[in-house]
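Read through the structure below, which is laid out as structure tokens, and then see the notes.
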Amino acid sequence: MTGANGFSVSGYGPERAGWTRVFARDSLARRLDWPILFAALALSFIGAALVYSATRNRTELNQGDPYYFLFRHLLNTGIGFGLMIGTVWLGHRTLRTAVPILYGLSVFLVLLVLTPLGATINGAHAWIVIGGGFSLQPSEFVKITIILGMAMLLAARVDAGDKPHPDHRTVVQALGLAVVPILIVLLMPDLGSVMVMVIIVLGVLLASGASNRWIFGLIGAGALGAIAVWQLKILDEYQIARFAAFANPALDPAGVGYNTNQARIAIGSGGLFGTGLGKGSQTTGQFVPEQQTDFVFTVAGEELGFVGAGLILVLLGVVMWRACRIARETTELYGTIVAAGIIAWFAFQSFENVGMTLGIMPVAGLPLPFVSYGGSSMFAVWVAVGLLQSIRVQRPMSA
């Protein structure tokens, strides 16, 4: 008897035939990229342990429950995993047709942040409080819609065979689509998210085959834009102070430079194997602020040491390596662009997060993908994994 996927299951009982279908060459299970899935899960569970260690004694945050943040982090991971499954089930090609709706919704949500419904959390006015202890950061989902929207425009005529690469008019349209939400997020101002979105735009354009003149032009425009933002004083005082402290680490070590200095001490005290989970003096003494979110890597450096922190970097490297392979193997430009945008997002955000704890990048308030506590960021990165899996699942098997 021949199964639904075209392979023989004769001589097997129903149970054996079912397993044969699951692991057949063209089955969903065989098409999934398991290394990226396991690496993302490992990062999320390591993050759960780090979040627990950083918050178990923070009674002013955990409402007297040492497991409060641990349970919520695991819940966020579970929801994110479900969103990944849903994304694979829908498929990136189906989502391509829904881009106008998704884009309009994401722009609407970031606009809501600028209304009285918006809330300031940890110094950033980038949230919408839903209630019941839950909040939403729309800028995390804007990253996804920028990737999907630009990919849809840039790949439309190329995948149809009308053009070998995007023309100038198409590039202008794609940039216009990205600029609108970026400017709204800048007005919050959420500079960290803006930085990620700009890198995403550059990564998408590079993958699309657009003229290099656009790349160099955007880099120049970005430099001029940064100067204009500084001169027009769009940034808040605390954001300006962060850049000043980055330029001069000795500036105000008890004030604006405090976070970075304490982060370095925490990471440096971990040595090769760390002090042990829950035994770090910097972590238990609560010397490093926001250790469950932006500075979660300091917990790894202190309590898991160089080996544990290095493992996190290796797992992030696995995610991006597999994403690069998915981008290379797909036969459609749309899939390549989507994967490239995700790679640019994960790579820059990981580098910025780890770099700011080491003092080699300015503090920008960006979470470490999969590891940091936060629902919106966790949901967004798992949707991105779902997009990568969909691109791999729907590619021809000969690719």
Side-chain angles (χ1 to χ4, degrees), residues 92-115 126 137-160 162-229 232 234-235 332-345 348-349 380 383-384 387:
H92 66 292
R93 293 171 184 163
T94 300
L95 291 174
R96 181 179 190 171
T97 63
V99 162
I101 297 173
L102 297 174
Y103 178 80
L105 179 60
S106 65
V107 170
F108 173 73
L109 289 175
V110 291
L111 282 173
L112 281 182
V113 176
L114 302 179
T115 71
Q137 188 177 11
S139 58
E140 291 292 336
F141 303 102
V142 168
K143 298 170 187 175
I144 297 172
T145 54
I146 286 177
I147 292 172
L148 292 176
M150 292 188 70
M152 178 192 70
L153 291 173
L154 292 170
R157 300 185 68 180
V158 177
D159 283 340
D162 297 337
K163 294 278 186 179
H165 52 75
D167 56 26
H168 294 309
R169 180 180 178 181
T170 303
V171 173
V172 170
Q173 292 173 340
L175 290 176
L177 178 145
V179 164
V180 173
I182 288 176
L183 289 178
I184 298 172
V185 174
L186 183 61
L187 291 176
M188 291 179 184
D190 183 358
L191 185 61
S193 293
V194 169
M195 292 167 61
V196 175
M197 292 173 192
V198 170
I199 296 299
I200 286 173
V201 169
L202 289 175
V204 162
L205 286 181
L206 281 170
S208 72
S211 171
N212 288 334
R213 286 179 292 178
W214 283 106
I215 307 299
F216 293 120
L218 285 175
I219 294 174
L224 293 175
I227 295 173
V229 167
L232 294 173
I234 294 177
L235 301 181
E332 58 177 3
L333 182 61
Y334 174 71
T336 298
I337 294 175
V338 171
I342 294 170
I343 294 165
W345 166 12
F348 177 78
Q349 190 159 314
V383 169
L387 289 170

Reported [atom1]-to-[atom2] distance for the pair [X] and [Y], which is rounded to 0.5 angstrom:
X	Y	atom1	atom2	answer
Ile200	Met197	CD1	CE	7.0 Å
Leu102	Leu95	CG	CG	6.5 Å
Ile147	Trp345	CD1	CH2	6.0 Å
His168	Leu175	NE2	CG	12.0 Å
Met195	Asp190	CE	CG	10.5 Å
Glu332	His92	CD	NE2	3.5 Å

- Item | With Leu154, the side-chain contact (heavy atoms from CB on, under 4.5 Å) member among Leu177, Val171, Asp167 | Val171
- Task: Could you check Val110, Val180, Leu114 and say which one makes a side-chain contact (heavy atoms from CB on, under 4.5 Å) with Val185?
- Result: Val110
- With sequence neighbours excluded, give me every side chain to side chain donor-acceptor pair (under 3.5 Å) pair touching residues 97-110. Ser106-Thr145
- Query: Is there a side-chain contact between Pro138 and Leu112, using heavy atoms and a 4.5 Å cut-off?
  - Reply: no
- Indicate yes or no: at least one non-hydrogen side-chain atom of Ile146 is less than 4.5 angstrom from one of Ile182. yes
So which atom in [X] and which in [Y] form the shortest heavy-atom distance, rounded to 0.1 Å?
X	Y	result
Gly209	Pro166	C-CD, 4.3 Å
Val99	Gly149	CG1-CA, 3.6 Å
Glu140	Ala380	O-CB, 3.7 Å
Ala174	Met150	O-CG, 3.7 Å
Leu153	Thr170	O-CG2, 3.2 Å

- So Ile144 and Leu387, side-chain contact (heavy atoms from CB on, under 4.5 Å) or not? Walk me through it. CA-CA 10 Å; Ile144 297 172; Leu387 289 170; 4.2 Å; yes
- Message: Surrounding CG of Leu105 (heavy atoms of other residues, nucleotides or ligands, distance under 6.0 Å), is the total greater than 12?
- Response: yes
- Taking only residues two or more places apart in sequence, or in another chain, which ones meet Ala151 in a side chain to side chain contact (heavy atoms under 4.5 Å, CB included)? Tyr334, Ile337, Val338
- Task: Could you give me the CA-CA distance, side-chain angles and deciding distance for Leu187 and Leu183, then say whether side-chain contact (heavy atoms from CB on, under 4.5 Å) is met?
- Result: CA-CA 6 Å; Leu187 291 176; Leu183 289 178; 5.7 Å; no
- Which is it for Ile184 and Val113 under the side-chain contact (heavy atoms from CB on, under 4.5 Å) test, yes or no, and what are the steps along the way? CA-CA 9 Å; Ile184 298 172; Val113 176; over 6 Å; no
